[in-house]
Amino acid sequence: MNHVTQMPDRRPAQVRKGAAATAAPRPAGARVRRRPTSPQWAAWAFLAPVTLYLALFYAYPLYRNLDLSLRNYTVRSFVQGDAPFTGLANYTKVFDDPTFAPALLHTVVFTTVCLVFQYAIGLALAVFFHQHFKLSATLRALFLVPWLLPLIVSGSTWSWMLNSDSGIVNAALHAVGVGPVNWLTSPDWSLTSVIIANIWIGVPFNLVVLHSGLQSIPESLYEAAALDGANAWQRFWRITFPLLRPVSAITLLLGLVYTLKVFDIIWIMTKGGPADASTTFATWSYQLGFGNLLPAFGPGAAVGNLLVVAALVFGLIYLKVQRKQALS
């Protein structure tokens with residue numbers, strides 16, 4: 001008869017008790033306690049307000065604007081909500097409008113010139129204030145004033161300064177022997193006037209963002225370049241400008257989105273005139289939707305959607321360029 005020799009359990013007492021407790025059958029009425037996934041619930045709790053905000057103030061307005069552009073809305077149908085579906089008829093009407101080509105040209109010129117000068121002046125000021133001289137912080141704070149002022153105040157101030165009869169700009173030109181210029185009432189100068197005002201407003205934003213980007217560049221790079229005999233221009237072109245490219249890209253993208261939808265300054269100063277000489281897509285959309293006794297809600301929404309598509313296209317281009325830079 002074979003005898004099976006049982007080996008003694010050499011595990012510690014606490015381990016044996018734990019194993020016994022694990023092996024013990026669970027009572028019939030016992031509840032299974034699950035570990036609460038608190039990190040997951042916390043993540044959803046933080047995302048909920050942002051999701052709700054985006055849905056209410058971005059997704060729904062975009063949907064309503066798209067719906068407006070695809071239907072023939074009048075004042076009565078806008079209230080009652082029974083506008084007939086017209087498809088792309090509003091977009092065709094906008095493209096065939098004689099105002100479309102001048103408004104497109106003015107939008108491109110206004111956006112391009114403002115972006116170039118805002119970035120160039122902002123970069124020059126950022127490099128200047130990066131020298132950390134005695135009054136750099138005070139002067140940098142003063143340059144933020146145009147950015148902090150309400151747009152209605154800025155627009156009214158520039159309207160007074162560029163007034164043909166009592167403006168300070170024409171007074172200064174008269175003092176140096178130059179005749180008065182009809183800044184706001186001449187078709188040749190109205191677009192230039194609103195461009196100057198918008199550049200003045202946008203420079204502080206570029207200054208702040210680019211100055212913060214300069215602070216992230218190590219000083220050791222400049223010291224090494226100086227030891228190698230590089231002058232100030234070479235240090236800027238070989239060190240500062242390349243390392244500022246990511247910051248410059250997001251600055252230009254945000255400036256582009258903002259400049260495309262500029263309405264307040266143009267409307268306060270010229271109302272898009274005279275003779276549509278300073279009309280852009282932003283002011284034209286407002287004129288179509290709210291500037292007439294018989295508002296054209298559909299075409300106005302269609303023009304607004306063209307601005308949304310333009311901003312979306314440039315945003316996608318930015319993301320593609322960033323992805324390529326990350327992979328390289």
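Counting heavy-atom neighbours within 6.0 Å of F314 CZ, excluding the residue itself, gives a total of 12 or less. A 6.0 Å sphere centred on CG of L221 holds more than 12 heavy atoms belonging to other residues, nucleotides or ligands. Around atom CZ of F85, more than 12 heavy atoms belonging to other residues, nucleotides or ligands sit under 6.0 Å away.
Y53 and F57 have tilted rings, their planes meeting at an angle from 30° to 60° on a 0 to 90° scale. Under the 30°/60° scheme for interplanar angles, the aromatic rings of W237 and F241 are found to lie parallel. Between H211 and H130, the ring planes lie perpendicular to each other; the angle is over 60°, past the 30° to 60° tilted range.
Between V108 and L105 the shortest side-chain heavy-atom distance does not fall below 4.5 Å. You'll find the side chain of P146 reaches within 4.5 Å of the side chain of W200, heavy atoms only. Counting heavy atoms from C-beta outward, L125 and I121 have side chains that approach closer than 4.5 Å. Residues L254 and F205 have side chains in contact (heavy-atom distance under 4.5 Å, counting atoms from C-beta outward). Here the side chains of S186 and V181 are not in contact, with every heavy-atom distance at 4.5 Å or above. Residues V303 and F100 form no side-chain contact, since every pair of their non-hydrogen atoms from C-beta on lies 4.5 Å or further apart. The closest side-chain heavy-atom distance from D264 to I152 is not below 4.5 Å. By the 4.5 Å heavy-atom criterion applied to side chains, T240 and R235 are not counted as neighbours.
Judged purely by distance below 3.5 Å, without hydrogens or angles, the side chains of N163 and N170 never pair a donor atom with an acceptor atom. Using a 3.5 Å distance cut-off with no hydrogens or angles, the side chains of N90 and S69 do not pair a donor with an acceptor. Remark: the S77 side chain and the T74 side chain contain an N/O donor-acceptor pair separated by less than 3.5 Å. At a cut-off of 3.5 Å, with distance as the only test, a side-chain donor of S164 or N182 sits close to an acceptor on the other residue. Side-chain contact check for T270 and S190: no donor-acceptor pair (N or O, by modelled atom type) lies under 3.5 Å.
In terms of modelled atom types and a separation under 3.5 Å, the side chain of T86 and the main chain of A89 share no donor-acceptor contact. Side-chain N or O atoms of D276 include none that pairs as donor or acceptor with a backbone N or O of T279 at under 3.5 Å.
Using a 4.0 Å cut-off between charged nitrogen and carboxylate oxygen, D67 and R71 count as a salt-bridge pair.
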Would K271 and I266 count as a side chain to side chain contact (heavy atoms under 4.5 Å, CB included) here? Give the steps.
CA-CA 6 Å; K271 288 185 169 58; I266 301 175; over 6 Å; no
Before you tell me yes or no, could you show the steps for F281 and F110 under ring-ring contact (aromatic ring centres under 6.0 Å, His included), namely the whole-Å CA-CA distance, both residues' side-chain angles and the distance that decides it to 0.1 Å?
CA-CA 11 Å; F281 276 175; F110 180 82; over 10 Å; no
Step-by-step side chain to side chain contact (heavy atoms under 4.5 Å, CB included) determination, I201 to Y258:
CA-CA 11 Å; I201 293 172; Y258 169 80; 4.2 Å; yes
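When ring centroids are compared, F129 and F143 come within the 6.0 Å threshold.
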